[in-house]
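FYI, side chains are in, hydrogens and waters are out, and symmetry mates aren't considered; it's all heavy atoms of this structure.
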Amino acid sequence: MPNIKSAKKRVLITKKRNARNKSDRSKMNNAIKAFNKAIDSANIEEAERLLPLTISIIDKSVSAGIIHKNAAANRKSALSKRLSDIKSGKITVTVKKDNKTIAAEKARAAKEAREAARAEFRAKQLEKEAEKSAQKKQKAEVEKVEEKPKKEKKEKKEKVEKVEKAEKPKKEKKAKTEEKAD
């Protein structure tokens with residue numbers, strides 16, 4: 001730490017200026033990154049909108065003394081050339097994919113494959129259930145057809161039995177009355 005008063009003041013002023021310069025340099029670099037990102041994502045309209053804003057921010061950096069005027073001219077030229085080359089068709093934009101995007105696409109594809117397999121399995125189960133229910137219906141129909149004659153026979157037997165039961169007491173009464181008469 002300096003001992004002289006003016007040197008102490010210089011340290012404080014330098015800290016302030018460094019902080020401001022760092023902020024302005026960060027703004028400039030972020031503007032350039034946003035412009036490049038728009039171009040990399042094949043969004044030409046957005047890049048056209050961002051170019052004048054980016055150039056303006058670079059010019060402000062020059063006036064603040066953050067970068068040299070020739071360095072600023074080189075950066076502005078490179079940005080403008082890249083946009084004009086893409087518009088004219090000299091350079092084609094290939095959308096870059098990072099590892100996160102690739103992994104997300106793989107996961108999405110795997111999920112869709114699992115869902116398709118589940119749907120196919122469900123469809124097979126429904127088909128089996130439909131076949132079973134159709135077979136049960138056929139069996140039930142066959143049983144109904146077979147049961148009708150059985151029911152008719154049972155009904156006839158029951159009628160005959162009822163008639164016989166009804167006739168037995170009459171016969172017994174007749175037999176009793178005949179015995180009494182004898």
To the nearest 0.5 Å, tell me how far [X] [atom1] sits from [Y] [atom2].
{"X": "Ile58", "Y": "Ser63", "atom1": "CD1", "atom2": "OG", "value": "12.0 Å"}
{"X": "Phe121", "Y": "Leu126", "atom1": "CZ", "atom2": "CG", "value": "10.5 Å"}
{"X": "Asn74", "Y": "Lys81", "atom1": "CG", "atom2": "NZ", "value": "13.0 Å"}
{"X": "Lys9", "Y": "Ile4", "atom1": "NZ", "atom2": "CD1", "value": "14.5 Å"}
{"X": "Leu79", "Y": "Thr54", "atom1": "CG", "atom2": "OG1", "value": "6.5 Å"}
{"X": "Leu51", "Y": "Arg82", "atom1": "CG", "atom2": "CZ", "value": "12.0 Å"}

Check: Does the distance from a Lys or Arg side-chain N to an Asp or Glu carboxylate O, for Glu46 and Arg49, drop under 4.0 Å?
Finding: yes
Notebook entry, point to check: Can Asp40 and Lys37 be said to form a side chain to side chain contact (heavy atoms under 4.5 Å, CB included), step by step?
Noted result: CA-CA 5 Å; Asp40 290 339; Lys37 186 177 181 181; 5.6 Å; no
For the residue pair [X] and [Y], establish whether any side-chain heavy-atom pair is separated by less than 4.5 Å.
{"X": "Ile55", "Y": "Asp59", "value": "yes"}
{"X": "Asn30", "Y": "Ile57", "value": "no"}
{"X": "Leu12", "Y": "Lys8", "value": "no"}

Note to self: Given 3.5 Å as the limit, does a donor-acceptor pair link the side chain of Ser133 with the main chain of Glu129, or not?
What the structure shows: yes
Notebook entry, point to check: Between the main-chain N or O of Ala73 and the side-chain N or O of Ser77, is there a donor-acceptor pair closer than 3.5 Å?
Noted result: no
Notebook entry, point to check: Just wondering, are more than 12 heavy atoms of other shown residues or ligands nearer than 6.0 Å to CG in Asn99?
Noted result: no
Item checked: Nearest heavy atoms of Ala38 and Ala47, plus distance in Å -> CB-N, 3.9 Å
Next item on the list: Give every residue pair that meets the salt bridge (Lys or Arg N to Asp or Glu O under 4.0 Å) criterion with at least one member in residues 12-34, sequence neighbours excluded.
Entry: none
